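Here is the structure we will look at.
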Amino acid sequence: GNKLYQIRKPYEKIKVTEADKETAIAELRKDEKAYLMIRELGSWEKVLEMMDILFPVDKPAIRNLEIDNNKLYVQTFKEQDNKDEFIIMDLKGNILKTVFLPVGSRPGVEDKIRSAKYFAIANDKYYYLKENEAKKVWELNIAEIE
């Protein structure tokens, strides 16, 4: 396609914290595919050493992007009260509003590589999956975007 225009917005940079790194490492340790890396590299220490180099200083500006009804829904890495920030804009990049929506399940290491996401937006509704570990089921939830 042909580039029509570009949207540039200033944003607050969010640092990657030690807690973020520990969470990523914990996810990696649970991932079955990670054991292939361990076999190849020889030890967790080598894997962790390699990962330390790969951790960025700041998180990206955009976690995910959805388009529905001529609106851009930009999910950021900002969180508040166990909710994720979504900046809603028109197609020219004018901010219509900012909302915080419930945090659903987050993809594991393998799914992040494949760009999996566990939510969708349609007709001003936020549909998200949340794993109920106690019942061993996935639950579909719906939240109105007001």
Side-chain angles (χ1 to χ4, degrees), residues 1-38 41 44 47-146:
N2 295 322
K3 179 178 172 179
L4 299 177
Y5 52 88
Q6 185 172 327
I7 298 172
R8 287 190 174 267
K9 293 287 187 192
Y11 68 95
E12 175 186 337
K13 290 186 177 183
I14 299 174
K15 298 284 183 210
V16 173
T17 65
E18 288 303 314
D20 293 328
K21 292 178 185 180
E22 289 171 14
T23 299
I25 291 166
E27 283 183 27
L28 183 65
R29 285 185 185 269
K30 291 189 295 189
D31 193 273
E32 293 173 22
K33 305 270 183 186
Y35 289 104
L36 296 175
M37 278 177 52
I38 296 167
L41 295 172
W44 269 113
V47 172
L48 298 179
E49 184 179 307
M50 182 184 82
M51 284 186 66
D52 193 48
I53 295 168
L54 299 177
F55 281 119
V57 174
D58 298 316
K59 295 178 182 179
I62 297 172
R63 177 178 265 169
N64 275 303
L65 174 73
E66 284 278 312
I67 301 173
D68 183 58
N69 288 336
N70 294 314
K71 293 182 219 170
L72 300 170
Y73 294 83
V74 179
Q75 181 187 27
T76 72
F77 280 88
K78 189 172 185 179
E79 297 176 21
Q80 178 179 302
D81 300 325
N82 202 31
K83 294 183 176 184
D84 288 335
E85 179 185 55
F86 282 79
I87 300 170
I88 304 170
M89 296 182 266
D90 64 20
L91 295 179
K92 294 291 184 182
N94 299 307
I95 296 175
L96 303 174
K97 62 182 161 183
T98 299
V99 296
F100 285 85
L101 298 171
V103 172
S105 291
R106 297 259 194 250
V109 174
E110 177 75 10
D111 291 331
K112 285 183 182 174
I113 293 168
R114 295 184 185 145
S115 299
K117 65 183 175 70
Y118 299 136
F119 75 89
I121 295 174
N123 299 318
D124 294 318
K125 289 186 172 70
Y126 171 67
Y127 299 86
Y128 64 100
L129 289 174
K130 192 144 181 106
E131 187 174 11
N132 184 329
E133 292 183 20
K135 293 181 179 180
K136 303 280 188 217
V137 297
W138 287 85
E139 298 171 335
L140 176 62
N141 297 270
I142 302 170
E144 291 283 336
I145 300 174
E146 299 177 24

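Start at 1 with the first residue, then count along the sequence. Quick caveat, the model's predicted, so the values are computed rather than measured.
- Rounding to the nearest 0.5 Å places CZ of Phe86 at 7.0 Å from CG of Asn64.
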- Message: Go through it in stages, so that I can follow the logic: the residues are Leu140 and Leu129, the test is side-chain contact (heavy atoms from CB on, under 4.5 Å), and I'd like the CA-CA distance, side-chain angles, deciding distance and then a yes or no.
- Response: CA-CA 5 Å; Leu140 176 62; Leu129 289 174; 4.3 Å; yes

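- In this pair, Tyr126 and Phe119 present their aromatic rings tilted. The plane angle is within the 30 to 60° band.
- Atom CG in Asp58 sits 9.0 Å away from atom CD1 in Ile14 (nearest 0.5 Å).
- Neither side chain, Asp20 nor Thr23, offers a donor N or O lying under 3.5 Å from an acceptor on the other.
- The two residues Leu91 and Ile7 have their closest heavy-atom pair at O-CD1, 3.7 Å.
- Other residues, nucleotides and ligands contribute only 12 or fewer heavy atoms inside 6.0 Å of the CG atom of Asp81.
- The heavy-atom pair separating Lys78 from Phe100 by the smallest distance is O-CE2, 4.2 Å.
- Going from atom CD1 of Ile67 over to atom OH of Tyr73 covers 11.0 Å, rounded to the nearest 0.5 Å.
- Applying the salt bridge (Lys or Arg N to Asp or Glu O under 4.0 Å) test to residues at least two apart or on different chains, the pairs with a partner in residues 129-146 are Lys125-Glu144.
- For the residue pair Ala122 and Tyr127, the shortest heavy atom distance occurs at O-CE1, 3.9 Å.
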- Task: Start with the C-alpha gap between Glu66 and Lys117, add the side-chain angles, then the distance that decides, and say whether side-chain contact (heavy atoms from CB on, under 4.5 Å) holds.
- Result: CA-CA 11 Å; Glu66 284 278 312; Lys117 65 183 175 70; 2.2 Å; yes

- Item | Residue pair Asp84, Glu79: steps toward the side-chain contact (heavy atoms from CB on, under 4.5 Å) verdict | CA-CA 5 Å; Asp84 288 335; Glu79 297 176 21; 3.4 Å; yes

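- What you find for Thr98 and Ile95 is that their closest heavy atoms are OG1-CG2, 4.4 Å.
- Distance CG/Asn69 to CD1/Ile121: 11.0 Å, rounded to 0.5 Å.
- Residues Leu72 and Asp90 come closest through the heavy atom pair CD1-O, 3.7 Å.
- Across Tyr128 and Pro102, no two heavy atoms sit closer than the pair OH-CB, 3.4 Å.
- Taking CG of Asp124 as the reference point, atom NZ of Lys71 lies at 3.5 Å (rounded to 0.5 Å).
- Rounded to the nearest 0.5 angstrom, Leu96 CG and Met89 CE are separated by 9.0 Å.
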